[in-house]
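The block underneath contains the structure these notes are about, expressed in C-alpha cells.
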Amino acid sequence: MRREPWPPARAGLALLLLGAGGLVAQDDAVAGFERAFRDGVRLGAAADPTERARGLSLLDAAADRIPELPPARRGQAAFFVAVRRAEIQLRADQPAACAAMAAAARAAARREADVYRGPYRILVLVLLWQSLPAQEFFAGLGEDEAYLLGPEADGEVAHAPSLRVPLAILRCDLLFRAGQELAALRRLQQLGAELDGVAARAESGLDAWRRVCFQRLAWHALERRDYAAAQVWLDALPAEQTRYPRALIANQRGDHATAEREGLALASADKAFWQLVGDAREQAGRYGEASAAYESALGAAADREARAAAWNGLGDARLGLRDLDGAEAAFRQALAELDTEASLQMAAEAAETWKDLGRLAEARGRADEAAAAYWRALEHVETARERSRGADPFGGAFLEPGFLAAVDGLCRVAAGRSSGPGSAAQDALVATERGRARGLLDFVVAPPQVTQLAELRRRTHALAASTSPQALRDALRGLAGARVAGTAAQPAPAARPADRGEVARVLQELHPASVLATWLGADRAYAFVADTGGTLLCDLGPRSEAVARFGAAFAALADPAAGEAEALAAAARFFLPGEVAARLRDAPAVVFVPDTALAALPLEALPLAGEPLGAQRRVERAPSLSVRSALARRPEPEGGALIVDSVRIDAADAALFGLDALAFSAREGDLVARAHPGARRLRGAAATLPGLAELLRGTAPALVHVSTHAVASPYVPTASLLLLADGPAAMPALAALPWRGTVVLSACATAGGEARGGEGVAGMLWGPFAGGARRVVASLWRVNQQATSDFMAAYHHALAEGASHAEALRRARVRLHGSPQYRHPHYWAGFALFGPDGAWTAASSGTGASLAKHAFWVWTCLGLAGVGGAAWLLARGRRRDPAGTTP
C-alpha cells in the first residue's frame, strides 16, 4: 500500500558517501558519475513530471559511468542509483514499479559485502515499506527487522538526519506488530508533538511524514472509538486525505450532514461511495434522496455483494417512504444477489436483509412473520460467524448492527405476551444469547493464539496510510479478508451460544436463583427475569431514559463526594419496577446478565425493599448465560493462594497514566495473607510477568489475588494493561498464563473497557478467562485504596471461613456499609463477581493450605491440648481478625 514519499536527502549526502568510499574526485569518470547522480537526485525530487523524467535520465547516465569506477566501489554506486530510481517511481505514484526496483536493488546489494549498509540500507527499506502491501513487507523483512530496531540504524541516521522521522514511524509499526502498543503509541505521540512545531513544519520534506504520523494517531484513536482524540489529529491533516475517517466519526455522532458531505467528495472520485452517501441520508430521514444515492451506487456496483448492499439500502429507503411493496421487491432483489455459501460478507448481508424483512413484516402488522424473519437473520449471523472463526477474536463485532436490530425486533414482538416456560419471552431471551459476549465465549471455549488477537488491529493500521479512494477500498477489503484468513486451519468450530434447551438447563441448575437480564433496543429498554417458573419480559421504557438513569447512578457511585440516594432510587425504580422486583424478592441469589451499555450498572447498590440488593442477595455477573455455562464446566480446583502486592511500578508508566502510588498495597497483601496462612507472596521488584508465570506453573494456586494498578483499554481489549514491576502486561500476555480457579484483580476499573453492541465489555477480564480461570473478581470503577484493602480483608476472611465467593462479597459489602467511614456505596459496591459462584477450597497438602479447609482436624488437635487452651487460642485469633482493621 502506498505511503507518503520519503523526502530526498541532500545531494551532498550522496557525495559524502561516495567520497567516504574512497572515490577520487579528480578522476573524470568519478566526477562525471557524481555530477549525473547529484543532478538526477535533485531533479527526481521535483513535483513536475518532466523534471522527474530528466532526473531518471541523469541517473541512467550515472549508471552508464559505473563500469568506469574503481571495482571496489561499483556495487555501492549501483545500489545508490537503483534506490534513487525506485524513489522517483514512488514520487510518480507508481508504487508497483518502485517496489520492483527497490526489491531488486536490495537483493543485489545483499549479495556483495560492504554494500548493503549505511543510510541507503534504511532508505531502500523505507521505500519497500511505502510501496508494498503491509503484510508482504513485514513478512519479507527477515534480519532487517532487528537492524531497524537496533542501535546500528541509529548510528546511520546520525549521518542522514532526513531519515530519522521515517525510521521512527517505521519502528512504531514494528512495535505495534510485536504487540508493544504502549511503547509504540508513546513514541508516536512524542513524534507528533515534535512534528507539530513551527520549525518542523517549515523544514523541507517533513510535512509529509507529519501527515503519516497524525494519520496513524487518528486511526488508533478511532480504533478505540475515542472520537474526540481522533478529531484532534484529523483536524491537523488535509481534509482530502481524511474524508473516510471523518465520515465514520460523523456517522457515529449522528452528524449526517458531515457524513454526507464527505461521502459526496469520495463519490466524486469513486461512485461506489454513493453507498456511504445513501447511508447518511437514510439515517437523517431523507429517504427520497437516499433512494437516489442507492440507485447511483447500484449503477456503480462492480460485484454481486456491492449490488446486494445497494438493493438493501434501496429497500430501507423505500420502507422509510412507506412504500412497502417497493421495499419488499428491493429486499428480495438483494437476497437474489447473495450466495451465502460464497463468503462471509454475503452471509452478513443476508442477515441484514432478513432483519429488514422482519421490520417490513412488523410494519404490515404480521408479528409471526416478523419473528420468523428475525430468526432467519440470526441464523445467517451464525453462518457468518462460523466463517470468521479463529480470525475475529472480538465476537464478530462487524455483525453487530444486523444482530442487534433482529434481537430488538424479537423483543418488540414478544413484549406483552405470555411469560411461562417456552414462551415468546423466553425465546427472546434465547435470541439475546446469539450475540452476547460471543468473542469472550470463543475465548473460553477455544482460546486463540496471541498472534491472532492482534491481526484485525494490524489491518486497521493499513487504513491509516490510505491516501486515495482505491487504496482505501483495498485496505477495507484487506480488513474484511483478515476475518476469514486462516479459517480453514482452525480445527474446531466456532463456539455456539445457548439454545432453548441449554437456557432451560442453566435455569434449572441455578434454581432457586433468578436471572436478571437487560437489553437495550434501538428505542426501548427491556428486562428479563427468568427462573424455572418461566420468563418475564418487561418493557422498561425509553432507551434514552435507561441510559440516563444508568449514567446518573454510575456517576453517583464513582464519586464518593456525590449524593447517591436519589440517583440510586431513580435507577431502581426504572430497572427494578414492581413486577421485576416482585420476582427477585423471593430469590436468594441473582445472576445479572447486563446489556452492553449497562455492563457497569451498579446493581449491587440499587435498593430493593429499602436495602441494597448486593447486601441482601448473593450476586454474580455473567457476560452471557452461554459464557457462564462454559465457565461452570471448568473444574473447581484445589490449591493454595498466591498474593501479588507492593508492585514496583515504573515512574514513567505511572506518570503516563496518571496513577497514584500504591500506598495500601502492602497492607492489603498482609491482610489477605492473614486469611490464608502459607500463601505464596510475589512482591516489589519480583512481581514481574515471568515471576508470576513461574509461580502459576509451579504452585498451581487455586486463588490468585493481584493488588496493583490496571489500565482498561477504552476499545481494543488486547490493549488492556496490568502494571507489573517489569512493565505493563497486556491482555494477550495475561491470556497466555495458566490461570485456574479464582483470580482477584484488586485494582482500578479491572472490569472496565469499552462497552460494544452485543459483545459487552471487552477488556482485562478476557485475559484470565482465556487462560483458564473459572471466575474473576474485578472492579467497576476507580476504587479507593484504603477502602479496598479493608474490603478485601473482609472478603478473604469470609472465604477462609468457608463462604462462597458471592456470599463472601456480600458479607464484605455489609461490613463496610455498616461503617460510618465507608457508608457511601463508592467504597463497597465497586467489586463484583464475574463467573459462577463457588467456594474456594485450599489444597490438602503443600504450601498455601488453609486451616479453614481442615477445621475438624484443627479442633481435634486443640481438644487434645486442652479445652481451656483451645478457647484461649480461639479468642486470641478473633482479636486478630483481619477484617477487624476496618474502621
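Just so it is clear, the model here is predicted, and its values are computed rather than measured. For the single chain, residues carry numbers from 1 onward in sequence order. Values below: all heavy atoms of this structure, side chains included; hydrogens, waters and symmetry mates excluded.
- The structure places CG of Leu441 at 13.5 Å from CZ of Arg436, a figure rounded to the nearest 0.5 Å.
- Between the side chain of Arg740 and the backbone N or O of Ala700 there is at least one donor-acceptor pair closer than 3.5 Å.
- Counting heavy atoms from C-beta outward, Arg813 and Phe791 have side chains that approach closer than 4.5 Å.
- More than 12 heavy-atom neighbours from other residues, nucleotides or ligands sit within 6.0 angstrom of CZ on Arg683.
- A 4.5 Å side-chain heavy-atom check between Leu148 and Leu167 finds at least one atom pair inside the cut-off.
- Phe138 places a side-chain heavy atom less than 4.5 Å from the side chain of Asp173.
- Between Leu642 and the choices Leu703, Val743, Leu695, Val706, the side-chain contact (heavy atoms from CB on, under 4.5 Å) rule is met once, by Leu695.
- Among residues at least two apart or in separate chains, salt bridge (charged side-chain N to carboxylate O under 4.0 Å, His left out) pairs with a member in residues 146-156 are Asp154-Arg171.
- Between the NE2 atom in His796 and the CD1 atom in Ile643 there is a gap of 7.0 Å [rounded to 0.5 Å].
- How far CD1 of Ile649 is from CG of Leu662: 4.5 Å, rounded to the nearest 0.5 Å.
- In this pair, Tyr795 and His805 present their aromatic rings tilted. The plane angle is within the 30 to 60° band.
- With contacts defined as side-chain heavy-atom distances shorter than 4.5 Å, the pair Arg634/Arg775 does not qualify.
- Arg782 CZ: 12 or fewer foreign heavy atoms inside a 6.0 Å radius.
- For Ser779 (side chain) and Ala747 (main-chain N/O), a donor-acceptor pair under 3.5 Å exists by modelled atom type.
- Residues Trp209 and Leu191 fail the side-chain proximity criterion, which asks for heavy atoms closer than 4.5 Å.
- With Glu194 as the fixed residue, the salt bridge (charged side-chain N to carboxylate O under 4.0 Å, His left out) test singles out one of Arg210, Arg187, Arg164: Arg164.
- No side-chain heavy atom of Leu125 sits under 4.5 Å from any side-chain heavy atom of Ile122.
- Partners of Leu724 according to the side chain to side chain contact (heavy atoms under 4.5 Å, CB included) rule, which considers only residues two or more places apart in sequence or in another chain, are Leu689, Asp726, Ala729.
- Put simply, CD1 on Ile169 and SG on Cys213 are 5.0 Å apart, with the number rounded to the nearest 0.5 Å.
- Side-chain polar atoms of His705 and Glu668 form a donor-acceptor pair below 3.5 angstrom.
- Inter-residue side-chain proximity for Asp144 and Arg121 is flagged as met; some heavy-atom pair is nearer than 4.5 Å.
- Between Phe664 and Asn784 there is no side-chain heavy-atom pair separated by less than 4.5 Å.
- No donor-acceptor distance shorter than 3.5 angstrom exists from the side chain of Arg774 to the backbone of Gly835, with no hydrogens or angles considered.
- There is a side-chain donor-acceptor pair under 3.5 Å between Arg667 and Ser789.
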